[in-house]
Amino acid sequence: MGEDHQIAFLLRESAQPDSERRAAALKGLGRIVENGLRPWERHPVAWALTGHLATDDRHTWRTRNALDGLTQALPDVRRLADNAPSGEVLAAALSLLDGDDPSDEHTRHDVRRFLLRLDDPHEPVRYEAVLGLERWTEAGGSLPPGSEMARCRLAALTEDASPRLRQAATRLRGLLDTGLLDTGPT
């Protein structure tokens, strides 16, 4: 089967109601995205996958993984990061935003999305917001001006019930305070 036919087949399979077929198709699309799509294939795959991300709760993270690195999906991913139908979809969308891509003129708006989501009621969203701010800070060395409330919120998140969120918030606070990211023992 030629690559064009393989992509068309996987896109059709990803829309099937059978969960196992859909999961296999999403995994296959993820591999194809990872190995590189031709320019004319990128937009149709991005549109299909972001559509699945917004509507298929059973495969949110598998769809997210297939979208990773597909920059053509960023406009739709950003819309989801602003108005996702669920906490899991919002967390997945935030995880796809690259807060340190100098070639992306919309990156500065992504940091605002991360800052706003530090107060989200869903733990995965807060966690991905902290990780997004960490990527931003690693690239630029600090939070944007006017982020004093974010520092207060990060301090509160270091006491969160979620161990991974506490650890991420503590790591980010350390990065902000010292300018060095403590990645733990090497």
Side-chain angles (χ1 to χ4, degrees), residues 7 10-11 14-15 22 25-27 29-34 36-147 149-151 153-154 157 164-165 168-169 172 175-176:
I7 291 170
L10 290 171
L11 287 173
S14 72
R22 181 175 273 187
L26 291 169
K27 187 175 180 180
L29 285 168
R31 283 193 183 129
I32 289 172
V33 168
E34 185 178 304
L37 291 167
R38 293 176 290 210
W40 62 88
E41 298 167 335
R42 296 182 71 77
H43 282 288
V45 172
W47 293 328
L49 289 173
T50 53
H52 290 309
L53 185 61
T55 60
D56 185 3
D57 291 338
R58 296 171 295 175
H59 300 292
T60 299
W61 291 96
R62 185 172 280 122
T63 305
R64 178 259 176 246
N65 292 341
L67 281 163
D68 193 25
L70 195 55
T71 58
Q72 287 77 6
L74 285 175
D76 288 333
V77 167
R78 287 184 172 112
R79 279 189 281 282
L80 285 171
D82 291 336
N83 192 21
S86 73
E88 284 296 311
V89 172
L90 177 53
L94 287 174
S95 76
L96 288 165
L97 298 178
D98 190 1
D100 65 345
D101 184 356
S103 67
D104 185 352
E105 64 192 53
H106 301 286
T107 296
R108 60 186 166 81
H109 299 293
D110 293 341
V111 74
R112 178 190 56 81
R113 289 176 175 94
F114 299 139
L115 290 168
L116 288 172
R117 297 305 181 177
L118 290 175
D119 289 319
D120 195 89
H122 300 95
E123 184 274 347
V125 173
R126 294 190 310 273
Y127 178 69
E128 292 299 337
V130 170
L131 294 181
L133 288 172
E134 186 176 299
R135 291 189 301 271
W136 169 272
T137 304
E138 285 176 318
S142 66
L143 293 177
S147 302
M149 290 304 295
R151 286 181 178 270
R153 185 63 189 129
L154 284 170
L157 290 175
R164 73 178 185 161
L165 182 52
L172 178 54
L175 174 63
L176 291 169

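Computation of the quantities below employed the complete heavy-atom set of this structure, encompassing side-chain atoms and omitting hydrogens, waters and symmetry-equivalent molecules.
In this structure, the separation between CG on Leu26 and CG on Leu11 is 9.5 Å, given to the nearest 0.5 Å. Within the model, atoms OG1 of Thr50 and CZ of Arg78 stand 13.0 Å from one another, a figure rounded to the nearest 0.5 Å. Rounding to the nearest 0.5 angstrom, the gap separating the OG1 atom in Thr137 from the CZ atom in Phe114 is 10.0 Å. To the nearest 0.5 Å, atoms CD (Glu34) and CG (Asn65) are separated by 10.0 Å. Here the CG atom belonging to Leu67 is positioned 9.0 Å from the CG atom belonging to Leu74, to the nearest 0.5 angstrom. With rounding to the nearest 0.5 Å, the separation of CZ in Arg64 from CG in Leu94 is 11.0 Å.
Here the side chains of Leu90 and His122 are not in contact, with every heavy-atom distance at 4.5 Å or above. In this structure the side chain of Gln72 never reaches within 4.5 angstrom of the side chain of Pro44, judged on heavy atoms. Under the 4.5 Å side-chain criterion, counting only non-hydrogen atoms from C-beta, Leu172 is in contact with Leu175. No side-chain heavy atom of Val45 sits under 4.5 Å from any side-chain heavy atom of Ile32.
The backbone N or O of Leu118 sits less than 3.5 Å from a side-chain atom of Arg153, completing a donor-acceptor pair.
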Pair Asp68-Val33, side-chain contact (heavy atoms from CB on, under 4.5 Å): steps then yes or no: CA-CA 8 Å; Asp68 193 25; Val33 168; over 6 Å; no
For Leu96 and Leu80: C-alpha separation, side-chain torsions, deciding distance, then whether side-chain contact (heavy atoms from CB on, under 4.5 Å) applies. CA-CA 11 Å; Leu96 288 165; Leu80 285 171; over 6 Å; no
In sequence, state the C-alpha distance, the side-chain angles, and the governing distance for Leu10 and Ile7, and then conclude on side-chain contact (heavy atoms from CB on, under 4.5 Å). CA-CA 5 Å; Leu10 290 171; Ile7 291 170; 5.8 Å; no
Go through it in stages, so that I can follow the logic: the residues are Leu37 and Leu70, the test is side-chain contact (heavy atoms from CB on, under 4.5 Å), and I'd like the CA-CA distance, side-chain angles, deciding distance and then a yes or no. CA-CA 9 Å; Leu37 291 167; Leu70 195 55; 3.9 Å; yes
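If you run side chain to side chain donor-acceptor pair (under 3.5 Å) between Ser14 and each of His52, His59, Arg62, only His52 comes through.
Electrostatic pairing of Arg79 and Asp82 does not count as a salt bridge here, judged by no charged N lying under 4.0 Å from a carboxylate O.
Applying the salt bridge (charged side-chain N to carboxylate O under 4.0 Å, His left out) test to pairs two or more places apart or on separate chains, those with a residue in residues 124-133 are Arg126-Asp160.
For Arg31, the CZ atom counts as loosely surrounded, since its 6.0 Å shell holds 12 or fewer non-hydrogen atoms of other residues, nucleotides or ligands.
The two residues Ala93 and Ala81 come nearest to each other via the heavy atoms CB-N, 3.8 Å.
For the residue pair Glu88 / Trp61, a side-chain donor-acceptor distance below 3.5 Å is found, with atom types taken as modelled.
Taking the side chain to side chain donor-acceptor pair (under 3.5 Å) definition, one finds that Thr63 meets it with nothing, sequence neighbours left out.
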